Amino acid sequence: MSKQYVFSFEEGDGKNKHLLGGKGANLCEMTQFGLNVPPGFVISTEACLEYQDIHALPAGLLDTVRQYVGQLEQKTGKGFGSAAGPLLVSVRSGSAMSMPGMMDTILNLGLNQETLQGLITQSGDERFGYDAYRRFIQLFGKIALGVPDALFDAAFEDIKRQAGVKADVGLNAEHLKEASRRFLDVVREHTGKPFPEDVYTQLEYAVKAVFDSWSGKRAMDYRREFRITPAMANGTAVNIVTMVFGNMGNDCATGVGFTRNPGTGENEMFGEYLVNAQGEDVVAGIRTPKPVLEMQQEMPGLYRQLVELRDKLEGHYQEVQDYEYTIEKGVLYCLQTRNGKMNAAAMVRSSVEMFREGLISKEQALLRVNPDQLEQLLHPGLDPKHKQTPLAQGLPASPGAASGRCVFDADQAVILGRSGTKVILVREETKPEDIHGFFASEGVLTSRGGKTSHAAVVARGMGKACVAGAEGIQVDARARSAKIGDVVLREGDIITIDGSSGNVYLGEIPTIKPEFSQELRTLLDWADETATLKVMANADTPDTARVAQEYGAMGIGLCRTERMFNDVERLPIVVEMILAHNLEERQAALDKLLPIQREDFKEIFAIMAPRPVTVRLLDPPMHEFLPSEHQLEDELRALEQYLLSVRGRTAACNAMRLDNPGGITEDQVAAIIARKNRMLRKVRELYEVNPMLGHRGVRLGITYPEIYDMQIRAILEAVADCQQQGIPVLAEIMVPQVITSQELEFIYRLVNKSQQDIESRLGLKLSFKFGSMVETVRACTRAGELAKIAEFFSFGTNDLTQAAFSFSREDAENKFLPLYTDHGILQDNPFEVLDVKGVGVLMRMAVEQGRETNPGLKVGICGEQGGHPASINFCQKIGINYVSCSAPRVPIARLAAAQAKLKEK
Ligand code: ADP
Ligand code: MG
Ligand code: MG
């Protein structure tokens with residue numbers, strides 16, 4: 001065997017997660033920097049890949065494993081398979097990417113009839129011996145021999161019933177001996193073979209089972225869901241670890257902890273433990289564990305050791321750790337550590353505090369928060385004004401509030417979730433096989449298990465609300481109902497859970513947007529100090545401008561004037577303008593729009609001052625402001641009918657010599673019909689085969705200069721007003737859909753004329769900028785010419801993507817794009833994630849050419865991709881000055897911009 005497949009904890013490189021898996025690498029690292037880790041060794045991921053390849057363990061591997069077991073025997077003074085002082089081990093999976101609970105671990109391996117007696121003699125505790133044995137038979141039976149868990153569970157329930165106890169702590173040695181005997185029978189019956197007695201055979205089976213679990217359905221589903229590619233997580237390592245026992249009496253315990261509170265980020269002891277129990281009991285939710293603070297009273301000496309362990313872990317890793325430990329007869333062992341998965345609020349708070357504590361640098365503080373995760377902070381909480389009393393209470397396991405219909409199994413959650421129903425998954429406890437139900441649910445509620453139970457950990461990772469261990473709820477999954485006191489919840493009933501308080505309510509409770517925390521403000525301030533890319537918002541109204549400002553936008557990168565037209569009071573004037581027979585009629589409508597637009601601009605400029613506001617001149621084709629041909633035809637048909645009935649009524653009134661009492665007259669209806677007919681003619685006249693590529697943008701400005709002229713005047717008059725009031729405005733006029741510099745020159749002449757009019761009328765000098773959208777392929781190839789007139793460029797990446805791909809967003813997303821991404825033909829939807837390889841090449845070219853003729857050219861990007869961290873990295877690389885995105889994405893983009901700068905180095 002040329003390649004080294006096996007590494008002792010003293011030997012392995014703690015940084016090499018790729019080779020040793022996350023768990024194995026950290027076990028090596030912890031051993032090497034002096035934590036008390038039970039002796040063990042790692043079989044590498046390369047051995048796993050080889051195994052997957054040749055469907056057998058690599059040649060010689062088992063011999064090497066024997067040598068390393070020999071080392072364990074020396075270190076522990078015990079013997080593997082020896083009745084005198086038996087060495088037991090755990091066989092644990094662990095790949096490079098953390099996949100909590102997705103693969104298998106076998107505990108207490110090395111037990112057989114003989115070693116069991118040894119264990120009992122050695123510990124002097126028969127109950128303990130049989131407890132370990134029955135656990136081993138079940139786990140090994142399930143994982144290595146494929147015996148269904150339910151068979152063991154049924155036998156065990158039987159024994160508990162006969163013994164008249166609820167929890168397994170109530171069972172005595174005789175009961176557990178009986179359990180072991182029945183479990184051995186279960187194995188023999190199910191597999192047709194006796195349980196393997198030879199300890200090396202056990203080890204071989206276990207190693208293979210862990211390797212197999214890598215390609216098991218559970219693990220594959222998980223990787224697909226989280227887009228973990230084979231290259232990112234290439235196989236699992238196997239960790240063979242000397243067993244230590246948390247279940248040998250009341251000076252023994254097992255627990256899990258976070259070095260800080262993962263729900264809030266607060267720097268405090270956090271975790272749960274169980275006295276006299278084995279590790280899996282905490283996570284499985286079989287007994288509800290105690291909060292770690294109780295250990296301070298119960299086992300003060302050990303508590304101090306635990307605090308010390310926590311400090312060493314954070315000090316070493318400079319990152320919040322999620323760790324597992326076991327206490328055997330007063331000695332604390334660390335069994336696992338990994339970077340803690342925390343929600344966004346906790347990440348932000350711990351970043352700021354860890355910097356202040358001197359644990360990490362400001363750069364580390366900024367880099368450790370995933371920008372996309374900040375989205376969680378924009379998650380709703382319960383409206384504090386609500387007066388409902390909770391129906392039940394559990395542990396606040398993952399913050400955020402959520403309402404939805406109860407479902408009692410993961411499959412049903414998926415079925416209802418798919419049809420758009422909001423659901424809350426309600427379970428006694430969750431297991432890894434429920435994972436698909438989490439994705440489909442708004443939140444998760446369990447009646448058993450603690451803050452580190454499976455449900456809590458998974459929900460926190462996904463940023464979903466979770467209330468765990470609500471013990472007042474009796475869940476009956478089979479009957480699809482739950483009982484809380486005398487209230488019965490059935491599938492489909494609406495409940496609200498608050499993962500921040502642990503409360504559960506009947507019915508739906510209104511939620512509110514959370515406030516920005518002080519820590520988030522601090523972190524984002526640091527981000528702004530670090531970043532060179534500016535982050536603007538897309539905002540079209542004074543209200544959205546105010547929101548943008550709250551999110552910390554450094555200006556408005558895109559203000560779409562047409563959004564201002566779409567207002568019930570304004571639309572009729574816009575329609576009037578479109579229907580105008582001649583220039584005069586059109587000018588009359590425009591004269592009405594001018595003051596409206598001017599006031600809007602003034603307000604937005606004033607809100608954002610002294611930050612820039614980029615106003616885009618009218619972009620969409622005119623028919624977008626008119627009803628569809630179809631709708632008009634329907635309306636006309638109905639109106640003609642109505643006219644007939646009005647005529648009939650008028651005739652009847654005349655015959656009876658009555659006045660037409662107050663009703664609408666024939667003439668009025670006829671006038672409406674005439675107007676609709678005019679609209680219909682106009683709609684037909686404006687019809688375009690391909691509106692996206694049609695009469696829009698600057699082309700409108702050239703065919704109807706009076707429209708652009710009105711908008712330009714409104715902008716410049718608003719600037720003048722602000723300047724006169726001493727408001728420091730920074731207005732920018734932006735022309736859409738440009739393909740040639742001649743278009744820009746044409747529009748610039750309009751700008752120039754207005755500017756001169758206003759300046760001479762008011763005797764002041766207007767300050768503003770004039771620039772171009774770059775959203776056609778030709779604009780990219782002619783950027784050098786455009787930049788002679790334009791003072792700035794703004795990439796319209798939606799249109800530019802459509803143009804570069806030659807498909808429209810709507811058609812693509814509705815018809816073939818999902819299939820393209822599923823098949824990996826395209827990695828991402830290019831309308832969500834900027835296509836750096838294709839569209840990006842055009843952008844880079846435009847930036848370079850533009851700056852060649854105009855070195856001071858300011859360049860930005862507006863369009864949805866602007867807020868995406870990956871796009872922001874690219875923008876940083878090609879020297880873009882700002883990104884502009886929707887207001888709620890601004891904080892995400894601010895952090896991403898800082899990270900892009902830091903990663904540049
Ligand atoms: P997972 O990856 O699902 O967390 P682990 O390999 O960490 O699985 O094992 C599950 C549990 O078994 C852990 O909580 C740990 O406490 C316990 N365990 C694993 N190895 C040992 C050991 N050598 N001695 C005692 N307990 C162990
Ligand atoms: Mg673990
Ligand atoms: Mg566009």
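Values below: every heavy atom of this structure, side chains too, minus hydrogens, waters and symmetry copies. Remember, it's 1-based here, ligands and their atoms both numbered in the order they're listed. Everything numeric here is computed off the predicted structure, so don't read it as measured data.
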(message) Would Lys23 count as being in polar contact with ligand 1, using the rule that some N or O on each side must be under 3.5 angstrom apart?
(response) yes
(message) Would Val244 count as a polar contact of ligand 1, with the cut-off being nitrogen or oxygen pairs under 3.5 Å?
(response) yes
(message) Does ligand 1 come near enough to Glu324 that some N or O of the ligand is less than 3.5 Å from an N or O of the residue?
(response) yes
(request) Report yes if some heavy atom in the side chain of Phe7 is under 4.5 Å from a heavy atom in the side chain of Leu20; otherwise report no. (result) yes
Extract all donor-acceptor atom pairs below 3.5 Å that involve side chains of residues 34-47 and protein atoms in other chains or at least two apart in sequence.
from: Asn36; atom 1: ND2; to: Leu332; atom 2: O; distance (Å): 3.0
from: Ser44; atom 1: OG; to: Glu46; atom 2: N; distance (Å): 3.3
from: Ser44; atom 1: OG; to: Ala47; atom 2: N; distance (Å): 3.4
from: Thr45; atom 1: OG1; to: His18; atom 2: O; distance (Å): 2.7
from: Thr45; atom 1: OG1; to: Leu19; atom 2: O; distance (Å): 3.1

(message) Quick check: Thr326 and ligand 1, any N/O pair under 3.5 Å apart?
(response) no
(request) Give the atoms of ligand 1, by number and element, whose distance to some non-hydrogen atom of Ser90 is under 4.0 Å. (result) 19 (C), 20 (N), 21 (C), 22 (C), 23 (N)
(request) Using distance alone, determine whether Thr254 and ligand 1 share an N or O pair under 3.5 Å. (result) no
(request) Measure the shortest side-chain to side-chain distance between Lys464 and Val444 over non-hydrogen atoms and say whether it is less than 4.5 angstrom. (result) no
(message) Pairs of nitrogen or oxygen atoms closer than 3.5 Å, one from Thr105 and one from ligand 1: do any exist?
(response) yes
(request) Using 2.8 Å as the cut-off, count the protein N, O or S atoms closer than that to the Mg ion (ligand 2). (result) 3
(request) Indicate yes or no: does Arg224 engage Asp221 in a salt bridge with an N to O separation below 4.0 Å. (result) yes
